[in-house]
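Notes follow the structure.
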Amino acid sequence: MDLQVEGKIFMVAASSKGLGFGIAKELALNGAVVCIASRTKTDIEKAAEKLRTETSGTIYSSVADVSNAQSIKSWVSEITTAFQRIDGLVVNAGGPPPGKFDDFEDKDWEAAFNLTLMSTVRLIRGVLPVMRSNGGGSIVTITSLSVKEPINQLLLSNVFRSGVTSLVKSLSNEMASENIRINNLFPGRIDTDRVKSLDKNLAEKEGTSADVIKSTFEKTIPLGRYGTIEEFGKAGAFLLSPAASYITGASLAVDGGIIKTVW
């Protein structure tokens with residue numbers, strides 16, 4: 001399938017590794033100009049060099065902290081100045097810490113609000129003017145299966161990612177007439193550093209090993225394994241691309257069948 005992204009400009013937040021990196025790589029393999037960002041200069045420059053080597057693509061790297069409003073503004077301004085257009089945006093951020101209700105104070109809720117929900121609001125707000133001026137665009141948010149089935153120990157993520165999902169559905173109606181599509185992408189157990197960390201955290205609480213936790217989860221996944229970053233990246237690149245031109249307001253699960261709900 002031709003994704004029709006060659007030469008188009010895409011911003012991918014929190015993309016030095018993991019899910020964001022996977023989408024950035026697939027876009028670059030298909031000829032897009034990919035603008036990646038993360039909080040640490042060393043990490044994002046290393047990721048950019050890896051992407052250039054693996055894809056021979058055009059990669060533009062920036063330092064941006066999506067939990068910080070000014071950092072988001074600066075990143076969007078930098079990309080707009082450099083390319084005069086933004087064709088697509090991947091909204092992404094590291095997840096809030098795990099824990100139960102009694103583990104969190106107000107400061108923890110506020111930090112998770114800024115990291116997860118307000119980063120989405122600010123990134124979308126930032127790119128809308130340039131997308132509108134260029135006749136449209138596409139936005140994908142990376143959220144979580146927890147918006148359908150809340151996940152134990154991930155209370156902060158459950159709450160704020162549900163807000164992101166509702167925001168996306170609302171905005172899909174508002175922005176359709178402007179040729180701006182927006183969709184959610186739900187990762188299941190994808191083999192990332194984040195999931196490894198969650199498995200380790202759960203293993204420590206249960207007095208077992210991360211390998212045992214992974215094996216237990218794999219038994220609940222119909223496809224019998226964790227997904228790869230590459231598999232997730234292909235799904236994200238498709239949703240962003242003109243190949244998905246009649247899809248907006250949707251939520252696509254990349255989960256190996258683990259989610260049990262009908263829709």
Side-chain angles (χ1 to χ4, degrees), residues 13-14 17-20 38-39 65-69 72 90-124 140-171 182-221 226-227 229 232 236 250-263:
K17 58 183 179 180
L19 303 178
S38 74
R39 291 174 296 178
D65 178 358
V66 297
S67 68
N68 181 279
I72 289 174
V90 177
V91 175
N92 187 30
K100 296 183 178 180
F101 185 75
D102 290 335
D103 296 330
F104 301 121
E105 301 177 1
D106 282 5
K107 62 181 178 61
D108 301 308
W109 286 96
E110 290 162 2
F113 171 71
N114 264 305
L115 175 65
T116 306
L117 182 56
M118 285 310 298
S119 67
T120 305
V121 171
R122 290 163 178 158
L123 281 164
I124 294 171
V140 165
T141 73
I142 299 177
T143 59
S144 170
L145 295 179
S146 67
V147 307
K148 292 194 174 188
E149 293 181 1
I151 299 172
N152 292 339
Q153 295 289 332
L154 292 184
L155 180 62
L156 296 177
S157 179
N158 295 344
V159 170
F160 292 113
R161 295 195 193 281
S162 295
V164 170
T165 304
S166 183
L167 171 68
V168 165
K169 187 61 177 178
S170 300
L171 290 180
I182 181 166
N183 294 287
N184 293 302
L185 197 56
F186 296 164
R189 304 300 291 189
I190 308 297
D191 197 13
T192 62
D193 288 349
R194 163 75 169 171
V195 169
K196 287 183 175 73
S197 176
L198 292 174
D199 284 355
K200 181 180 178 182
N201 179 269
L202 185 57
E204 290 172 353
K205 289 182 181 299
E206 296 190 359
T208 186
S209 70
D211 286 341
V212 168
I213 296 297
K214 182 178 181 181
S215 177
T216 301
F217 271 118
E218 286 178 332
K219 291 174 184 176
T220 70
I221 302 170
Y226 282 16
I229 291 170
F232 186 84
S251 295
L252 175 64
V254 186
D255 68 341
I258 194 173
I259 194 75
K260 300 301 188 292
T261 58
V262 177
W263 62 81

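Put simply, the side chain of Leu123 reaches to within 4.5 Å of the side chain of Val66, judged on heavy atoms. Contact of the Phe217 side chain with the Leu202 side chain is registered, since non-hydrogen atoms from C-beta on lie closer than 4.5 Å. The shortest side-chain heavy-atom distance between Pro96 and Arg161 falls under the 4.5 Å cut-off. With contacts defined as side-chain heavy-atom distances shorter than 4.5 Å, the pair Leu145/Ile258 qualifies. A heavy-atom distance below 4.5 Å is found between the side chains of Lys196 and Asp191. Side-chain contact check for Val91 versus Ile142: every heavy-atom pair is 4.5 Å or farther apart. When side chains are defined from C-beta on, Pro187 does not count as touching Val254, because their heavy atoms never get closer than 4.5 Å. Between Thr165 and Ser251 there is a side-chain heavy-atom pair separated by less than 4.5 Å.
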Q: For the pair Asp255 and Arg189, evaluate salt bridge (charged side-chain N to carboxylate O under 4.0 Å, His left out) and give the outcome as yes or no after the intermediate values.
A: CA-CA 6 Å; Asp255 68 341; Arg189 304 300 291 189; over 6 Å; no
Q: In sequence, state the C-alpha distance, the side-chain angles, and the governing distance for Leu198 and Leu154, and then conclude on side-chain contact (heavy atoms from CB on, under 4.5 Å).
A: CA-CA 9 Å; Leu198 292 174; Leu154 292 184; 3.8 Å; yes
**Q.** Evaluation steps, side-chain contact (heavy atoms from CB on, under 4.5 Å), between Phe186 and Leu252
**A.** CA-CA 6 Å; Phe186 296 164; Leu252 175 64; over 6 Å; no
Q: In sequence, state the C-alpha distance, the side-chain angles, and the governing distance for Thr192 and Lys17, and then conclude on side-chain contact (heavy atoms from CB on, under 4.5 Å).
A: CA-CA 8 Å; Thr192 62; Lys17 58 183 179 180; over 6 Å; no
Q: Under the side-chain contact (heavy atoms from CB on, under 4.5 Å) rule, what do Tyr226 and Ile190 come out as? Steps first, then yes or no, please.
A: CA-CA 5 Å; Tyr226 282 16; Ile190 308 297; over 6 Å; no
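Note: Ile124 CD1 to Ser119 OG = 9.0 Å, rounded to the nearest 0.5 Å. Taking CG of Asp199 as the start and CD of Glu204 as the end, the distance is 11.5 Å to the nearest 0.5 Å. Between the NZ atom of Lys214 and the NZ atom of Lys200 there is a distance of 15.5 Å, given to the nearest 0.5 Å. We find the CG-CZ distance between Asp106 and Phe113 to be 13.0 Å, quoted to the nearest 0.5 Å. Distance check, rounded to the nearest 0.5 Å: CG of Leu19 to CZ of Phe232 gives 4.5 Å.
The two residues Ser144 and Ile151 make their nearest non-hydrogen contact at OG-CD1, 4.1 Å. In terms of heavy-atom proximity, Ile221 sits nearest to Gly256 at CG2-O, 3.6 Å. Minimum heavy-atom separation, Leu156 to Asp108: CD1-O, 4.1 Å.
With hydrogens and angles disregarded, no donor-acceptor distance shorter than 3.5 Å links the side chain of Glu149 to the backbone of Ile259. Side-chain atoms of Ser170 come within 3.5 Å of backbone N or O of Ser166 as a donor-acceptor pair. Put simply, the side chain of Lys169 never gets that close to the backbone of Asn184: no donor and acceptor are under 3.5 Å apart.
Remark: the Asn114 side chain and the Arg122 side chain contain an N/O donor-acceptor pair separated by less than 3.5 Å. Defined by atom type and a distance below 3.5 Å, a donor-acceptor pair is present between the side-chain atoms of Ser67 and Asp65.
Atom CZ of Arg39 has 12 or fewer heavy atoms from other residues, nucleotides or ligands within 6.0 Å. Lys219 NZ: 12 or fewer foreign heavy atoms inside a 6.0 Å radius.
Residue Ser162 is tested with Thr116, Val147, Leu167, Thr143 for a side chain to side chain contact (heavy atoms under 4.5 Å, CB included); the sole match is Val147.
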